[in-house]
Number of protein chains: 2
Amino acid sequence: MTEAERIKIAIVDDHTLFRSGVTALMSEFDELKVVFEASNGQQMQQLLLKSELPQVVLMDINMPVMDGYEATAWLKIHHPKIMVLALSMYEDDKAVIKMIKSGACGYVLKQSKPRELLEAIQSVVQKGVFINEIVSGKLIRSISSNPDELKLSARELEFLKLCCSEMSYKEIADQMFVSPRTVDNYRESLFQKLNLKTRSGLVLYAIKNEIFKL
Amino acid sequence: MTEAERIKIAIVDDHTLFRSGVTALMSEFDELKVVFEASNGQQMQQLLLKSELPQVVLMDINMPVMDGYEATAWLKIHHPKIMVLALSMYEDDKAVIKMIKSGACGYVLKQSKPRELLEAIQSVVQKGVFINEIVSGKLIRSISSNPDELKLSARELEFLKLCCSEMSYKEIADQMFVSPRTVDNYRESLFQKLNLKTRSGLVLYAIKNEIFKL
DNA sequence: TTTTAGTAGGGTGTTTATACGGTATTAAAT
DNA sequence: ATTTAATACCGTATAAACACCCTACTAAAA
C-alpha cells in the first residue's frame with residue numbers, strides 16, 4: 001500500500017490512555033495513517049491548521065472545553081470533506097441521534113474490536129457512511145416516536161428544574177416572581193403534557209430527561 | 001532488562017478498543033509484559049488458571065458480569081500477592097473509596113499519559129501502593145466525614161425506592177403490606193436521618209445515592 | 001437485665017399538593 | 001383580523017403530605 005492510498009485519520013478524545021491506545025492500534029494497520037490526536041474539539045481546531053488534513057476523525061462525545069457535538073458541527077461547516085465517526089462508550093439513544101444530527105457519518109462503540117473500527121473507517125471513506133445495528137435501530141425509533149414532540153415553554157422548564165428541590169410551590173413562586181396560582185398552572189400544564197400526577201413524577205421526569213442535572 | 005525483571009501485568013476492561021490499546025501501549029515499555037487481557041472479572045478468573053500469573057492487574061470498575069469491585073475482592077482472597085491498580089474514567093469519590101476498600105493499591109485515571117501509568121505500575125510493585133492526589137484527597141475526606149455513617153434499615157430502603165414513583169404513601173403502604181401509619185414512620189425516620197423535609201428530597205437523595213436506579 | 005434499634009401501629013392536627021372552574025394580556029401565527 | 005399559544009392570575013374544593021404526640025412487640029446489645 002502506497003503512502004497516498006493510506007486513509008488519514010485523526011483521533012479526538014480526552015482520555016489520553018484511550019487516545020494513545022487507539023493511535024497505537026490503528027497505526028499497526030497498513031491501511032491507516034494517524035495524522036494527529038487531540039484531547040478536545042478546540043485542540044482539534046488548532047491541530048488542523050498545522051497538520052496534514054485527515055479524511056476521517058474518530059470523535060469522542062463527552063469532552064471538556066469543546067465536546068463531540070460542537071466539534072462535529074464545526075467540522076461540517078469548515079471542513080465538509082472530513083468524515084466524522086463517533087466513538088462512544090454508551091449506546092445512548094439521544095447521544096447517537098445527536099451525533100448523527102451534528103453531522104457524524106457513523107457511530108462505533110468503544111467495546112468494538114480494533115478490526116471492526118478499521119472496517120468502520122474504510123466504510124466511511126468508501127460509502128460515506130457506516131451504519132450498524134446501533135445506529136439504524138435508534139434512527140428508526142427516533143423517527144417513529146417523534147410526532148408527538150413535546151414542547152415545554154421556557155417558564156415551564158424553569159419551574160420543572162425548581163421542582164427538583166425541597167422548595168414548596170409557594171417558595172418556587174417567590175423564586176420565579178409570580179403568584180402561587182401561576183405555578184399551579186405550570187404544574188398542571190406539565191402534568192397534562194407529560195402525563196404525570198405528582199411532584200415526584202416531575203422530579204423523576206426532569207432527571208431522566210436531564211432537564212435537571214444531579 | 002531480562003525476562004524475569006519485567007513486571008507482568010494483566011488488563012481487565014470491557015471496552016475492547018481501550019483494552020487492546022493499553023496492551024499495545026504497555027507492551028512497548030521494555031519494563032512490562034502483558035500476560036493477558038480480560039473483558040470482565042469472570043473472564044479474568046478463567047484466564048488466571050491458564051496464563052502466567054500477573055503481578056499487577058489494571059482493573060476497570062464498571063463491567064458486565066463481574067465488576068471491578070467484585071473482581072478485586074476475589075483477587076485479594078484467592079491471589080493475595082497480585083496487586084490491583086484501579087483504572088477508571090471518573091474520579092468519583094465513592095468509586096475511589098470502594099475500590100480501595102475492595103483491595104486496590106491505587107487508582108489511575110484513563111486521562112493519564114502512558115508513562116504515568118507505567119510509573120504507577122512500578123510504584124505498586126516497589127512500594128506496594130500508588131498514591132496520587134486523587135486517592136489521598138478522597139481518602140482523607142472519606143475518613144473525616146465518616147463518623148455519622150447513616151444506616152438505613154432494609155424496610156426504610158424498600159420504602160425509599162417506592163417513593164421514587166407516582167405512588168401515594170397509601171399505595172406504598174399497600175405495596176409493603178403495612179398500615180399507612182407505618183409508612184409515616186419510615187418517612188419521618190428518613191427525614192430525620194437524611195435531614196430532609198419533603199418527598200421530593202427523598203427522591204433526589206435516592207437517585208443521587210443510587211438507591212433508586214433510573 | 002435493662003437498654004437500644006427495628007418494626008408496626010394509632011390519634012390529631014396543619015400544611016402542601018392536586019383538581020377544576022374561571023379571566024386577562026400579549027405576541028405571534030393564520 | 002381573528003385565532004392560537006404563552007404568560008399570569010383568582011376561587012374553591014378535596015386529597016395527600018407532613019408534624020408531633022403516643023403504645024407495643026421482638027431481638028440483639030450492653
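We name chains A, B, ... by the order of the sequence lines, and we start the count at 1 in each one. What you see below is based on every heavy atom in this structure, not just the backbone, and it leaves out hydrogens, waters and symmetry mates.
- The shortest distance between the side-chain N/O atoms of Ser179(A) and the OP1/OP2 oxygens of dC10(D) is below 4.0 Å.
- Here Tyr169(B) does not reach the OP1 or OP2 of dA15(D): none of its side-chain N or O atoms lies under 4.0 Å away.
- Ring geometry for Phe18(A) against Phe18(B) counts as parallel: the plane angle stays under 30°, on a 0 to 90° scale with 60° as the upper cut.
- Taking side-chain N and O atoms only, Arg155(B) has no distance below 4.0 Å to OP1 or OP2 of dG6(C).
- Rounded to whole Å, the distance from NZ on Lys197(B) to C1' on dT16(C) is 13 Å.
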request  = In sequence, state the C-alpha distance, the side-chain angles, and the governing distance for Glu166(B) and Ser200(A), and then conclude on side-chain hydrogen bond (donor to acceptor under 3.5 Å, both in side chains).
outcome  = CA-CA 6 Å; Glu166(B) 294 216 278; Ser200(A) 300; over 6 Å; no
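- As a whole-Å value, the separation of Tyr186(A) OH from dT7(D) P is 6 Å.
- Ser153(B) comes within contact range of the sugar-phosphate backbone alone, with a heavy-atom separation under 4.0 Å but no base atom that close.
- Between Asp184(B) and Arg187(B) there is a salt bridge, since at least one side-chain N of the basic residue sits less than 4.0 Å from a carboxylate O of the acidic one.
- When rounded to the nearest whole Å, the span between CG of Asn185(B) and P of dC21(D) equals 14 Å.
- Counting to the nearest Å, the C1' atom of dA5(D) and the CD atom of Glu156(A) are 11 Å from each other.
- Atom CG of Asp184(B) and atom P of dG11(C) are 13 Å apart (whole Å).
- Note on Arg199(B): a side-chain N or O is less than 4.0 Å away from OP1 or OP2 of dA17(D).
- Separating the CG atom of Asn195(B) from the P atom of dA19(D) is a distance of 11 Å, rounded to the nearest angstrom.
- For Ser168(A) and dT16(C), the shortest distance from a side-chain N or O to OP1 or OP2 is not below 4.0 Å.
- Between Arg187(B) atom CZ and dC20(D) atom C1' the separation is 12 Å, expressed in whole Å.
- Within a 6.0 Å radius of NZ in Lys197(A), no more than 12 heavy atoms belonging to other residues, nucleotides or ligands are found.
- Rounded to a whole Å, the CZ atom of Phe191(B) is 10 Å from the C1' atom of dA19(D).
- For dG11(D), its base sits under 3.5 Å from the side chain of Arg181(A) at one donor and acceptor pair at least.
- Across all strands shown, Thr198(B) has heavy atoms under 4.0 Å from sugar-phosphate atoms exclusively, and none from any base.
- The environment of Asn62(B) atom CG is sparse: at most 12 non-hydrogen atoms of other residues, nucleotides or ligands sit within 6.0 angstrom.
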